[in-house]
2 protein chains.
Amino acid sequence: MNSISTVSENNSLFLKSKGIKPSYQRLKIYSFLVEHKIHPTVDIIYKNLCSEIPTLSKTTVYNTLNLFIEKKLVQKLIIEETETRYDINTSMHGHFKCEKCGEVCDIFLDDDILLSKKLQGFKINETHIYFKGLCQKCSTKA
Amino acid sequence: MNSISTVSENNSLFLKSKGIKPSYQRLKIYSFLVEHKIHPTVDIIYKNLCSEIPTLSKTTVYNTLNLFIEKKLVQKLIIEETETRYDINTSMHGHFKCEKCGEVCDIFLDDDILLSKKLQGFKINETHIYFKGLCQKCSTKA
DNA sequence: GTATCTGCAAAACATTTGCAATTCT
DNA sequence: AGAATTGCAAATGTTTTGCAGATAC
């Protein structure tokens, strides 16, 4: 048993533990999210898995991601109205999108910000924080 | 000169000062945003102005809002992937959307949160903070 | 053998674009 | 008249839905 099959088996067991039948497609999509924490769009996931799974359809990518969201394995990121991104990290953190290179990266949020949850009378279920601007690479080049 | 025409004239002068020709449609859309700070969608604006401007088209609403955004009179609010909202208040503030009644309200953000702008190496142009959950009304009823 | 999952094609929506008609000065 | 604005119809792009075939247990 090599390390690759071990990882795959672990992912498979993990999906099962969350009540998700680990089909070939689901496993590949889940693995992609774990191995590429780039907050990909459906299109990015689809294009990357196409060569490995020639019969893959975008419908399956959508179906799978919606299932993962329902089971709380993934969260949606809505930064642009034209592109929905998916994040395998469901813990509370912020995001930064570079307006030049388009990359989205994680932003650590300290407790001060999380205290903003103390909003009187509101029952907060979700907190979304994101920034737009120029990333380190793009701002030094400019 | 009554107070209504004064308001209208003020809005007209304000649009001019921002380099926007104050057409009838633009003035009505601007006034609607000022008088109804409910972060409306294009559809809400359109439906509300239809009776007053029977020939109004959604294209004009879109065109006008995009112009207002370009001239920094309005900011886009993207909370749901399916609905873009528009906010006449362009100062830094957060939003809360109630998952039950669907209303979006403003959230005052104190300086602690704004300090989060100190993100090393990033040039921040926009900060977006929003919450989802149950509002006061809906959580007491539940 | 029955449930579930996949994936094609079509539908559903929101937004933008092309362009002709209208309006304003 | 000339330039900008409006609004219809069509195009675009993303996500969902219906359904038939494939797959899994």
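On a predicted model such as this, the values are computed, not experimentally measured, just so you know.
- A salt bridge does not link A:K97 with B:E126: every distance from a Lys NZ or Arg NE/NH1/NH2 to an Asp or Glu carboxylate oxygen is 4.0 Å or more.
- With a glycosidic angle more than 90° from 0, D:dA3 adopts the anti conformation.
- The CD1 atom of A:I69 sits 14 Å away from the C1' atom of D:dT16 (whole-angstrom rounding).
- Side-chain atoms of B:E81 lie closest to D:dT15 of the nucleotides C:dG7, D:dT15, C:dT15.
- Nearest nucleotide to the side chain of A:K21, out of C:dC5, C:dT17, D:dT6: C:dC5.
- Using a 4.0 Å heavy-atom cutoff across all strands shown, B:S23 reaches sugar-phosphate atoms only and no base atom.
- For the atom pair B:I44 CD1 and B:I38 CD1, the distance stands at 5.0 Å (nearest 0.5 Å).
- In this structure, B:L67 atom CG and C:dT16 atom P are separated by 13 Å, rounded to whole Å.
- Using a 4.0 Å cut-off, some side-chain N or O of A:T55 falls inside it from OP1 or OP2 of C:dG7.
- Using Watson-Crick or G-U wobble geometry with both donor-acceptor distances under 3.5 Å, D:dA10 finds its partner in C:dT16.
- Between A:Y62 and D:dT16 there is no side-chain polar atom (N or O) within less than 4.0 angstrom of OP1 or OP2.
- Between B:K123 and A:E99 there is no salt bridge, since no side-chain nitrogen of the basic residue lies less than 4.0 Å from a carboxylate oxygen of the acidic one.
- Separating the CD1 atom of B:I44 from the P atom of C:dT15 is a distance of 12 Å, rounded to the nearest angstrom.
- The CG atom of A:N63 sits 8 Å away from the C1' atom of C:dT6 (whole-angstrom rounding).
- In this structure, OH of A:Y46 is placed 15 Å from P of D:dT15, rounded to the nearest angstrom.
- In this structure, the side chain of A:Q75 engages the main chain of A:N89 through a donor-acceptor pair within 3.5 Å.
- Between A:T59 and C:dT6, a side-chain N or O to OP1/OP2 separation shorter than 4.0 Å is absent.
- Checking D:dT16, D:dT15, C:dT15 against every side-chain atom of A:V42, the shortest atom distance belongs to D:dT15.
- Using a 4.0 Å heavy-atom cutoff across all strands shown, B:K58 reaches no nucleic acid atom at all.
- A:D43 has its CG atom 17 Å from the P atom of D:dT12, to the nearest Å.
- Using a 4.0 Å heavy-atom criterion, one finds that B:E83 contacts no nucleic acid atom at all.
- Under a 3.5 Å cut-off, the side chain of B:R26 and the backbone N or O of B:K21 do form a donor-acceptor pair.
- Of the residues near DNA chain C, A:Q25 and B:K76, the one whose nearest nucleotide (by heavy atom distance) lies more toward the 5' end is A:Q25.
- Separation of atoms CG (A:D43) and CD (A:E83) is listed at 10.0 Å; rounding is to 0.5 Å.
- OP1 or OP2 of C:dT16 has at least one side-chain nitrogen or oxygen of B:N66 nearer than 4.0 Å.
- Rounded to whole Å, atom C1' of C:dT23 lies 12 Å from atom CZ of B:R26.
- Across every strand in view, D:dT23 sits unpaired, with no contact that passes the Watson-Crick or G-U test at under 3.5 angstrom.
- For A:I53 and C:dC8, the CD1 to P distance is 13 Å, given to the nearest whole Å.
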